[in-house]
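From a predicted model like this one, the values you see are computed outputs, not experimental measurements. Start at 1 and go down the list; that is how both ligands and their atoms are numbered. All values below were derived from every heavy atom in this structure, side-chain atoms included, with hydrogens, water molecules and symmetry-related copies excluded.
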Amino acid sequence: MSNWIDVAAEADLFEGAGIAVTPLNLDIAVFKVDDGVFAINNECSHGNAKLCDGFVEGNFVECPFHQAMFDVRDGSIACGPATEPAKAWPVKIENGRVFLDVSANG
Ligand code: FES
């Protein structure tokens, strides 16, 4: 069963960087890129860096610590040194609000 939680206003999003949101105490970064709005785990899978602070180019975010690159659309790794993908979360936009489905928690 899905569990959509309102995490932000669509107007809070901007291109070039992510924003951090914390539904159910999860740490998730939401990105607005050319292909739409996407959400992946905020903490880098390689270390204690926040991907919301990373540089966004196209559909990719670059970790601010060691420059691993993640595809924000699915969390996959485009460039190391990270070896684990970032968990991706389903996103929907309704009435100007951003919702995440956190039922896939865990
Ligand atoms: Fe993100 Fe090392 S902490 S690449």
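- Nearest N, O or S atom of His46 to atom 2 (Fe) of ligand 1: atom ND1.
- Atoms SG of Cys63 and SG of Cys44, as seen from atom 1 (Fe) of ligand 1, are separated by an angle of 110°, to the nearest 10°.
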Item to check | Test log, rule side chain to side chain contact (heavy atoms under 4.5 Å, CB included), inputs Glu57 and Glu62 | outcome: CA-CA 8 Å; Glu57 188 169 11; Glu62 183 182 77; over 6 Å; no
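- In summary, no N, O or S atom of His66 is located under 2.8 Å from atom 1 (Fe) of ligand 1.
- The Ala68 neighbourhood of ligand 1 comprises atoms 4 (S), with distances under 4.0 Å to a heavy atom of that residue.
- No side-chain donor from either of Asn59 and Asp71 sits under 3.5 Å from a side-chain acceptor of the other.
- Looking at Asn42, its side chain does come within 3.5 Å of a backbone N or O of Cys52 through a donor-acceptor pair.
- Remark: side-chain polar atoms of Asp101 are paired, donor with acceptor, to backbone N or O of Asn3 under 3.5 angstrom.
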